[in-house]
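Taking it in order: structure first as structure tokens, then the write-up.
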Amino acid sequence: METATIDRAFLARPGLEVAPDLLGSVLRHTTPEGTVAVRLTEVEAYQGADDPGSHAFRGRTPRNDVMFGPAGHLYVYFTYGMHFCANVVCDVDGTATAVLLRAGEVIEGPALAASRRLSARTAREYARGPARLTSALGLGRPDNGADLCVADSPTQLLPGPPVDGGRVRTGPRVGVSGAGGDGVAFPWRFWLDGEPTVSPYRPHVPKRRK
DNA sequence: AAAACGATACACT
DNA sequence: GTGTATCGTTTTT
């Protein structure tokens with residue numbers, strides 16, 4: 001008895017519209033080792049050409065190619081020399097908007113998640129942060145481009161338990177400076193208030209020059 | 001050179 | 001138990 005995935009048409013809108021609606025939904029990944037599922041508690045919208053913080057800002061490249069494709073696929077990228085982060089690609093084919101999956105609660109496969117997250121001090125840290133989330137789920141380079149809207153696929157986006165709309169909060173994105181340093185904060189981060197798995201807010205601090 | 005970050009060590013409650 | 005400053009590592013521009 002499998003649950004239907006989230007409909008692709010639901011995701012074929014600008015990431016900024018999709019992002020708050022994605023809170024509470026579930027990303028599930030199955031590998032030979034087993035299945036881990038995460039209920040999303042924190043996300044961030046990235047718009048395409050108009051968004052200096054977006055990987056798509058400078059046009060299509062081999063790295064961000066998936067972002068320009070149709071909605072409902074996973075954009076996985078490698079960063080900081082050691083981490084992977086995952087986005088749900090939104091909007092119509094040719095338009096690159098996406099939602100970064102920042103944090104969630106592991107609701108299936110906690111033992112497997114724990115084995116992938118040996119440094120986690122508590123269960124709430126399994127997917128508390130964008131690269132921790134991909135690690136707990138076992139997502140990496142091979143999953144870039146995976147279709148999330150196909151039943152029985154090893155990588156699926158599923159409806160979650162109902163969310164109280166009153167718990168949705170919004171604020172500035174994390175780790176992204178304002179538009180070219182002009183100080184404008186983009187309130188495109190969304191989270192569920194009161195969730196212990198939401199990553200701590202860390203204002204953007206320019207790294208010290210070496 | 002900077003980047004859509006995490007592990008660690010240590011401070012505090 | 002929870003918070004936070006410092007620094008590692010490599011892709012991309």
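Below, chains carry the letters A, B, ... as their sequence lines are ordered, and counting in each starts from 1. Side chains included, hydrogens not; waters and symmetry mates left out as well; all remaining heavy atoms used. This structure is a prediction, so every number in the text was calculated from the model and none was measured.
The nucleotide whose nearest atom lies closest to any side-chain atom of A:His83 is, among C:dG8, B:dA3, C:dT11, C:dG8. Here B:dA7 is the nucleotide among B:dA7, C:dT9, C:dT13 with the atom lying nearest to any side-chain atom of A:Ser119. Nearest nucleotide to the side chain of A:Arg128, out of B:dA4, B:dG6, C:dG3: C:dG3. For A:Arg102, counting side-chain heavy atoms from C-beta on, the closest listed nucleotide (B:dC5, C:dG3, C:dT9) is B:dC5. Taking only side-chain atoms of A:Arg63, from C-beta outward, the nucleotide of C:dT4, C:dT12, B:dC5 with the closest atom is C:dT12. Which of C:dG8, B:dA3, C:dT13 sits closest to the side chain of A:Met82 comes down to C:dG8.
Distances shorter than 4.0 Å separate none of the side-chain N or O atoms of A:Thr79 from OP1 or OP2 on C:dT12.
Atom CZ of A:Arg141 is separated from atom C1' of C:dT10 by 9 Å (rounded to the nearest Å). Atom pair A:Glu125:CD and C:dG1:C1' shows a separation of 11 Å (rounding to whole Å applied). Atom OH in A:Tyr80 sits about 16 Å away from atom P in C:dT6, given to the nearest Å. Between A:Tyr77 atom OH and B:dA2 atom C1' there is a gap of 14 Å when expressed in whole angstrom units. Atom P of nucleotide C:dG1 and atom CZ of A:Arg121 are separated by 9 Å, given to the nearest angstrom. Counting to the nearest Å, the P atom of C:dT13 and the CZ atom of A:Arg60 are 14 Å from each other. Rounded to whole Å, atom P of B:dA4 lies 18 Å from atom CG of A:Leu133. The distance from atom CG of A:Leu139 to atom P of B:dA4 is 19 Å, rounded to the nearest whole Å.
Of the charged side-chain nitrogens involved, at least one lies within less than 4.0 Å of a carboxylate oxygen, so that A:Glu42 and A:Arg189 count as a salt-bridged pair. Between A:Glu105 and A:Arg124 there is no salt bridge, since no side-chain nitrogen of the basic residue lies less than 4.0 Å from a carboxylate oxygen of the acidic one.
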Checklist outcome for this item: Symbol by symbol from the 5' end, with Watson-Crick or G-U pairs under 3.5 Å, [ ] crossing and | another strand, DNA chain C is ||||||||.|||.

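Partners of A:Arg116 under the salt bridge (Lys or Arg N to Asp or Glu O under 4.0 Å) rule, at least two apart in sequence or in another chain, are A:Glu33. Scored by the salt bridge (Lys or Arg N to Asp or Glu O under 4.0 Å) test, A:Glu195 finds A:Arg39, A:Arg167 as partners (sequence neighbours excluded).
Across residues 15-24 of chain A, not one residue has a non-hydrogen atom less than 4.0 Å from an atom of DNA chain C.
Residue-to-nucleotide contacts include no donor-acceptor pair under 3.5 Å from the side chain of A:Arg124 to the base of C:dG1.
Hydrophobic clustering, defined by side-chain heavy atoms of Ile, Leu, Val, Met, Phe, Trp and Tyr closer than 4.5 Å, leaves A:Leu118 isolated from every other such residue. Chaining together hydrophobic side chains whose heavy atoms lie under 4.5 Å apart leaves A:Val150 on its own.
Applying the salt bridge (charged side-chain N to carboxylate O under 4.0 Å, His left out) test to residues at least two apart or on different chains, none of the pairs has a partner in residues 75-92 of chain A. Note on residues 62-90 of chain A: pairs passing salt bridge (charged side-chain N to carboxylate O under 4.0 Å, His left out), not counting sequence neighbours, are A:Arg60-A:Asp65. Under the ring-ring contact (aromatic ring centres under 6.0 Å, His included) criterion, the residue pairs touching residues 84-105 of chain A are A:Phe78-A:Phe84, with sequence neighbours excluded.
Taking a centre distance below 5.5 Å and an interplanar angle below 30 degrees as the stacking criterion, A:Tyr46 stacks against the six-membered base ring of B:dA4.
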Item to check | Audit row: A:Tyr77, A:His55, ring pair (Phe, Tyr, Trp, His ring centres under 6.0 Å) steps and yes/no | outcome: CA-CA 10 Å; A:Tyr77 69 91; A:His55 288 173; 4.5 Å; yes

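Here A:Ser135 lies out of heavy-atom contact (under 4.0 Å) with every strand. At the heavy-atom level, A:Arg132 lies under 4.0 Å from the strands shown only through sugar-phosphate atoms.
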